[in-house]
Undergrad: 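For reference, the structure I am asking about is given below.
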Amino acid sequence: MSQKIVETLNPAQQQAVTAAEKHMLILAGAGSGKTKVLVHRIAWLIQEQAISPYNIFAVTFTNKAANEMRQRVESILKGATSGLWMGTFHGLGHRILRRHWMAADLVENFQIIDTDDQTRILRRIIKSLNIDEKKTPPKLALWFISQQKDQGLRAKDVNDRDDFSKRNLKLIYEKYEIQCQQSGLVDFAEILLRTHELLLNNPDILNHYQQRFQHILVDEFQDTNEIQYAFIHLLTGKDSSVMIVGDDDQSIYGWRGAKVDNLHQFCRDFPQTQTIRLEQNYRSTKTILGAANVLISHNSDRLGKELWTEGENGDPIIHYTAFNDIDEAHYVVKQIRQLLCEDFERSEFAILYRSNAQSRLLEEALLREGIPYRIYGGLRFFERAEIKDALAYMRLMVNRKDAAAFERIINTPTRGIGDKTLGIIRTHAANNHISLWHAAESLVADNGLSGRANNAVTEFIQLINQLEEKTNSLPLHEQVDAVIHDSGLYQHFKQEKSEKARSRVENIDELLNATRLFSLDSSSDLSPMAAFLAQAALEAGEERSGEESQCVQLMTLHAAKGLEFPVVFIVGLEEGLFPSFYADENPGGIEEERRLCYVGMTRAMKKLHITQAQMRRVHGKEHYHRPSRFLREIPKEYLVTQGGTQRVFHQGKTSFNTTKSTPSMATMESNGEFNLGQRVRHNHFGEGIVTNFEGQGAHSRVQVQFDNNDSKWLVAAFAKLESV
DNA sequence: GAATGCGAAGGCAGG
DNA sequence: CTTCGCATTC
């Protein structure tokens, strides 16, 4: 039996799985079998060391990863793993908070809100404080509050004395804190902060968990933030062992508060830590790995690690220079077309981009060619408006004080309660320090509203009360069925004819399905509805599984972490896009972008294409970006370059890419007289490049971007453009 | 007929 | 997600 667990592992992996040291740091490179090590470690502890699953606590980055890992452990052990705590930081924190809600100063039926709910609440707060929404947009406040919480800071802890700009943010944070507390709402960052405070302030509770969790395992440690680190540090009792797994080269969530430094910090705080490196890669070709290794070597302060593989050299990486973003999309689709004729399946392709906005042109191109695709990580199921509407009804039924749910559905579908009425309710609630629900009730009772509004609000209150009364003894899916029908949500979407409305109805049906299948976690003592809501909130950010079949996959580079594909396209390698323009603003920004590029490259198993467009439309404006520095950092011997047009100038200064135009480009992007990207001179306006044209012959018009950055449409017959 | 609400039309874009 | 003209209710 003991052989079974370790026999499929390489020496470094074996060493990690069977390590007897107190604390372990596993530096696991991309594709080095990190998940395998964690799974086998847990199995080994249980089977070989006779550790009870009850004494193990394992944290992963996503719920999906946690489920997968649990299944793999179960399949090795051929048995249950009950008592084993495995999940995300948020999932595990939530579990603790539910158990100790009173000690955590929460209400029993507290609900979790997502960033969308947060933004709505914050928008209202900013308005009510008469703060300029232009200077302090809800997004900024949201970002600020999350950042404070990630650092363990409450509103009262924010020091605004030296920093005037923090003044308003602190005010907003204070009000937000109060409102969430009164409404029984907890945001994602709050889950972590609250859990940490709970353990910190209740020695008996802390002691219990420290005793219980003899073995703590943390995956993706490079992406932990301050509060998560503090949580692990606190949870580790003197008899506990911690194993952390991570890769400093794959830290890409610094903008979200993750601290790579936590890896270093760990070695300082847990002195008996032994480090093991997993450097053998089982995923990519020598070429891909070699290029990625050189790229990442441009970063400083690395823990040091160089991946190697026994695999073959494989094909060179193809670097394509497109004339513009449309051409880039064409190229990608053309390549996919070609490879599909060879031995590849659609699901073996991934197109990775830096920002979501880039997906549109790629989608259009795929659509034109009739290649099915799937966008990974767009709006997730539980984030969709119609689903959130239905859930908001359920939330209000569970907890009448839930202000976010109240605001969301009081007039969804429309029932004659508009801004004015809602405004009166809000004011009444604020003046009397009561919940919106309570305010609505009391206004109706005192006839504080106009006749029309009074009727509408009364009906709404009755609707929620009756729904709860009528369904509280029914099974969950019948409750939800009643909610979507009695609320009028189903009708509302059904009567609309658009494609959008149809998919909304489908989604609502899907929600019914989900509730029908929902089985209650045995350890939970929540009502089925409350348990379902909690799960929906915590897993909102993730995909429904099993849909990737036979589709080309599109996603951001961030979303690609942890995945692998035979063929990968990384598009948009341009300065200002990738690395992002925002990267310059914060220290280490460029290095994080470089790691992101490294993550992208190491997703590829067999073939890798990287593309760049000389001209790209961003927010409807034309931009001429220089090629990404990452392209220069990859040594020539790994690359084959393709595409590229005549010289294209950036504001008449820097010239780049003088490769000859490919035939396909010339025929595709030409009107017979001029080529896109061609350099021309106009008698009056000077020199520029052709960026667009329409029509043929005498009537054709040409768009020229002149070197002084003016762009003009010219009638070709009159403009007398000379090519340069 | 005034007040209020509805739905449509142009912005806006960081993962 | 705001701004606007039109519709609806009392």
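Chain letters run A, B, ... following the sequence lines, proteins first, then strands; residues in each count from 1.
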Undergrad: Show your working on side-chain hydrogen bond (donor to acceptor under 3.5 Å, both in side chains) between A:Y253 and A:H558 and close with a plain yes or no.
TA: CA-CA 8 Å; A:Y253 285 102; A:H558 283 93; 5.5 Å; no
Undergrad: Which sits closer to the 5' end of DNA chain B, A:N586 or A:G416, going by the nucleotide each is nearest to?
TA: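 The residue closer to the strand's 5' end, by nearest nucleotide, is A:G416.
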Undergrad: Mind calculating the distance between CD (A:E585) and P (B:dG15) to the nearest angstrom?
TA: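 For the pair A:E585 CD and B:dG15 P, the rounded distance is 15 Å.
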Undergrad: Please walk me through it: do A:L192 and A:F231 pass side chain to side chain contact (heavy atoms under 4.5 Å, CB included)?
TA: CA-CA 8 Å; A:L192 303 176; A:F231 173 65; over 6 Å; no
Undergrad: With respect to the side chain of A:E593, which nucleotide from B:dG15, B:dA3, B:dG7 is positioned closest?
TA: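 Of B:dG15, B:dA3, B:dG7, B:dG15 is nearest to the side chain of A:E593.
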Undergrad: Start at the 5' end of DNA chain B and walk down; is the nucleotide closest to A:L596 or to A:R415 reached first?
TA: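 That would be A:R415.
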Undergrad: Give the rounded distance in Å between these two atoms: CG of A:N411 and P of B:dT4.
TA: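 Checked: the CG to P distance equals 15 Å.
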Undergrad: May I ask you to test the A:N293-A:L307 pair for a side-chain heavy-atom distance under 4.5 Å?
TA: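 Side-chain contact under 4.5 Å: yes.
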Undergrad: Looking at the side chain of A:S580, which of B:dG14, B:dG5, B:dG15 is the nearest nucleotide?
TA: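 The nucleotide sitting nearest to the side chain is B:dG14.
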Undergrad: What are the bounds, 5' to 3', of the part of DNA chain C that sits under 4.0 Å from heavy atoms of chain A?
TA: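 Answer, 5' to 3': C:dC1 to C:dC10.
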Undergrad: Could you check how far OH of A:Y353 sits from P of B:dG14, rounded to whole Å?
TA: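 Those two atoms, OH and P, are 15 Å apart.
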Undergrad: Any side-chain heavy-atom pair from A:I336 and A:F569 closer than 4.5 angstrom?
TA: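 Counting from C-beta outward, A:I336 and A:F569 do come under 4.5 Å.
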Undergrad: Expressed in angstrom and rounded to an integer, what is the separation of A:D584 atom CG from B:dG14 atom P?
TA: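 In whole Å, B:dG14 P lies 16 Å from A:D584 CG.
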Undergrad: Less than 4.5 Å apart, any side-chain heavy atom of A:L608 and any of A:V567?
TA: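 A:L608 does not reach A:V567 side chain to side chain.
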Undergrad: Is any NZ, NE, NH1 or NH2 atom of the basic residue among A:D402 and A:R395 found under 4.0 Å from an Asp or Glu carboxylate oxygen of the other?
TA: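 Looking at A:R395 together with A:D402, the answer is yes, because their closest N to O distance falls below 4.0 Å.
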Undergrad: Whole Å only: how far is the NZ atom of A:K420 from the C1' atom of B:dC6?
TA: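 Value for this atom pair: 17 Å.
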Undergrad: Pick base, sugar-phosphate or nothing for A:N455, based on heavy-atom distances below 4.0 Å to the nucleic acid.
TA: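 A:N455: backbone/sugar contact only, no base atoms under 4.0 Å.
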Undergrad: Over how many whole Å does the gap from A:N356 atom CG to B:dG15 atom P extend?
TA: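 Checked: the CG to P distance equals 5 Å.
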Undergrad: Is the count of non-hydrogen atoms from other residues, nucleotides or ligands lying under 6.0 Å from A:N465 atom CG greater than 12?
TA: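 Yes, CG of A:N465 has more than 12 neighbouring heavy atoms, counting only those of other groups under 6.0 Å.
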Undergrad: For A:T421 and B:dT4, is the shortest distance between a side-chain N/O and OP1 or OP2 below 4.0 Å?
TA: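 So the side chain of A:T421 is outside the cut-off, no N or O lying under 4.0 Å from OP1 or OP2 of B:dT4.
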Undergrad: Can A:W255 be called stacked on B:dG14 when the rule is centres closer than 5.5 Å and an angle between planes below 30°?
TA: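 So A:W255 does not count as stacking on the base.
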Undergrad: Reckon A:R123 touches a base, only the sugar-phosphate, or nothing at all at heavy-atom distances under 4.0 Å?
TA: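 Counting heavy atoms under 4.0 Å across all strands, the contact made by A:R123 is with sugar-phosphate only.
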Undergrad: How many whole angstroms separate atom CD of A:E383 from atom P of B:dG15?
TA: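 Value for this atom pair: 12 Å.
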Undergrad: Is the shortest side-chain N/O distance from A:S450 to OP1 or OP2 of B:dT4 below 4.0 Å?
TA: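 Answer is no, no contact under 4.0 Å.
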Undergrad: Within this structure, what is the CG-to-P distance between A:L142 and B:dG15, rounded to whole angstrom?
TA: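 Roughly 14 Å, once rounded to whole Å.
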